[in-house]
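Below, read A as the first sequence line, B as the second, and so on, with proteins coming before strands; counting in each chain starts at 1.
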There are 2 protein chains.
Amino acid sequence: MLIQSKATEPTGAAHDRVYRALRARIMHGEIDPGQALTLRGIGKEFGVSMTPAREAGRRLVAEGALFLSSSGRVSTPELSNERIEELAALRALLEPELAARALPRAHMALIERLEEINNRVSGMIARQDASGYIRLNLEFHRTLYLRAQAPAMLAMAETIWLQLGPTMSKLYGRLRRTEPPRNHKLILAALKAGDEGSLKLAVRSDATQGLRMLKV
Amino acid sequence: MLIQSKATEPTGAAHDRVYRALRARIMHGEIDPGQALTLRGIGKEFGVSMTPAREAGRRLVAEGALFLSSSGRVSTPELSNERIEELAALRALLEPELAARALPRAHMALIERLEEINNRVSGMIARQDASGYIRLNLEFHRTLYLRAQAPAMLAMAETIWLQLGPTMSKLYGRLRRTEPPRNHKLILAALKAGDEGSLKLAVRSDATQGLRMLKV
DNA sequence: TTGGTAATTTTGTGATCACAAAACACCCAT
DNA sequence: ATGGGTGTTTTGTGATCACAAAATTACCAA
């Protein structure tokens with residue numbers, strides 16, 4: 001007689017799958033700020049019990065991707081102006097450094113990949129796909145920073161993106177953009193020229209520009 | 001008839017108490033790098049079941065304070081040279097900014113508190129108390145950075161301290177120091193003079209100096 | 001209609017269990 | 001002694017449950 005149905009996943013723990021899915025959703029701005037989540041709801045959606053749902057939630061809370069209310073409920077954070085400025089300052093601090101470290105290793109193949117990503121942004125703009133726009137934008141940055149060979153620094157940058165995710169979607173929903181970010185072009189130019197100074201400047205501008213419009 | 005003994009904690013969830021205790025222990029270098037922990041062991045020590053122990057562990061893994069092996073076991077991380085240098089670079093990036101932001105708000109009362117903390121370091125050195133030394137050192141920095149009014153930035157700095165904790169204790173156990181860090185005196189002097197440039201420089205030196213000796 | 005209170009439902013927490021896999025210990029054959 | 005294989009123990013995982021507290025709804029009186 002079967003007492004307990006065996007539901008252990010063979011590869012990659014269940015909580016990890018849930019974690020990754022939620023993380024991507026948050027980072028790409030697919031959840032509005034202040035949106036509440038329930039453990040049972042998460043579990044139901046992913047076909048797991050509350051336990052893995054709780055672990056995934058806790059992990060995201062630890063990364064600042066979710067806000068934990070005093071009663072234990074989790075929701076997407078609603079960032080204050082001060083918090084947004086602080087996170088933008090962190091981007092402005094970390095990302096130029098990552099870019100500078102990537103510069104000596106950025107060969108033509110990488111630059112071409114970046115240009116290709118950058119071109120795909122136009123499609124997202126045409127389709128008014130805010131989430132897709134954010135995803136490609138982050139892919140552009142991550143692709144460059146991966147070359148920096150600085151995993152801890154990159155992880156920290158991603159944590160900041162994660163915290164900004166829900167708020168970001170609001171921004172891109174608001175502004176009606178018609179062309180890919182100007183700063184990306186500057187970044188590509190600096191990479192081609194091998195000019196560290198203007199690269200750091202362009203990255204810094206790119207990291208802070210959009211956030212300025214986020215002020216409520 | 002009592003089916004299940006009620007053991008819910010009235011204030012502050014159990015997992016949070018476990019998390020805080022472990023976090024402090026790790027950050028202060030009370031656990032050697034590579035030390036393995038078991039969920040049942042943690043639970044037993046704190047008088048809770050595996051569930052809160054697991055949550056606390058997961059949270060610490062998310063912060064980089066613990067390493068999660070492929071089999072799910074957690075242990076204190078053993079940092080490679082590259083990782084140490086990267087974390088030191090992050091300190092060198094973040095902490096001068098925090099200090100600079102604290103500077104305009106650093107009045108005499110704060111500077112006196114910092115001097116008092118700095119003086120207590122000598123006692124720890126005399127007693128060869130590595131953990132106490134680390135704790136006071138971090139208290140010095142945190143006390144200053146709290147004035148920066150930048151919680152996200154401070155949290156990020158603390159995360160780095162946390163990751164360096166176990167490795168740090170090894171360092172301070174190795175070197176036989178006889179006096180409080182020279183850079184702390186420079187920091188205090190720069191604060192009194194209101195000189196942002198030399199303050200950032202002194203903080204940067206303090207953040208990177210010790211780590212240089214950590215190379216295996 | 002409105003305000004508040006009671007009943008009900010929703011939700012997170014921590015304990016416990018069955019299970020699988022990993023780690024470990026033991027033992028014998030070479 | 002040593003290597004390999006076998007059995008035992010340790011350990012993490014996810015499901016489930018009872019419970020408390022929070023949130024929501026229902027309802028009634030003014």
Is R204(A) atom CZ crowded by more than 12 heavy atoms from other residues, nucleotides or ligands, each under 6.0 Å away?
no
Should we count CZ of R113(B) as having more than 12 external heavy atoms under 6.0 Å?
no
Mind listing the residues from residues 57-73 of chain A sitting with a heavy atom below 4.0 Å of DNA chain C? Number order is fine.
R58(A), S71(A), G72(A), R73(A)
Could you check whether L37(A) gets within reach of a base, just the sugar-phosphate, or nothing at all, counting any heavy atom under 4.0 Å?
sugar-phosphate
Gap between atoms CG and P, on L39(A) and dG12(C) respectively (whole Å)
4 Å
Output yes when R59(B) and D16(B) qualify as a salt bridge under the 4.0 Å nitrogen-oxygen rule, no when they do not.
yes
Carboxylate-amine/guanidinium proximity below 4.0 Å for R58(B) and E63(B):
no
If you only use heavy atoms from C-beta on, which nucleotide in dG14(C), dG12(D), dG14(D) is closest to the side chain of P52(A)?
dG14(D)
Please confirm whether any donor atom in the side chain of R54(B) sits under 3.5 Å from an acceptor in the base of dG14(C), or the reverse.
no
Taking 4.0 Å as the cut-off, does a side-chain nitrogen or oxygen of H15(A) come that near to OP1 or OP2 on dT13(D)?
no
T51(A) side-chain N/O to dG14(D) phosphate OP1/OP2 under 4.0 Å:
no
R40(A), nearest nucleotide to its side chain (from dA15(D), dT13(C), dG12(C))
dG12(C)
Identify whether the distance between the nearest side-chain nitrogen and carboxylate oxygen of R120(A) and E139(A) falls below 4.0 Å.
yes
Is R23(A) salt-bridged to E158(A), going by a charged N under 4.0 Å from an acidic O?
yes
Which nucleotide sits closest to the side chain of T38(B): dA15(C), dT13(C), dT11(D)?
dT11(D)
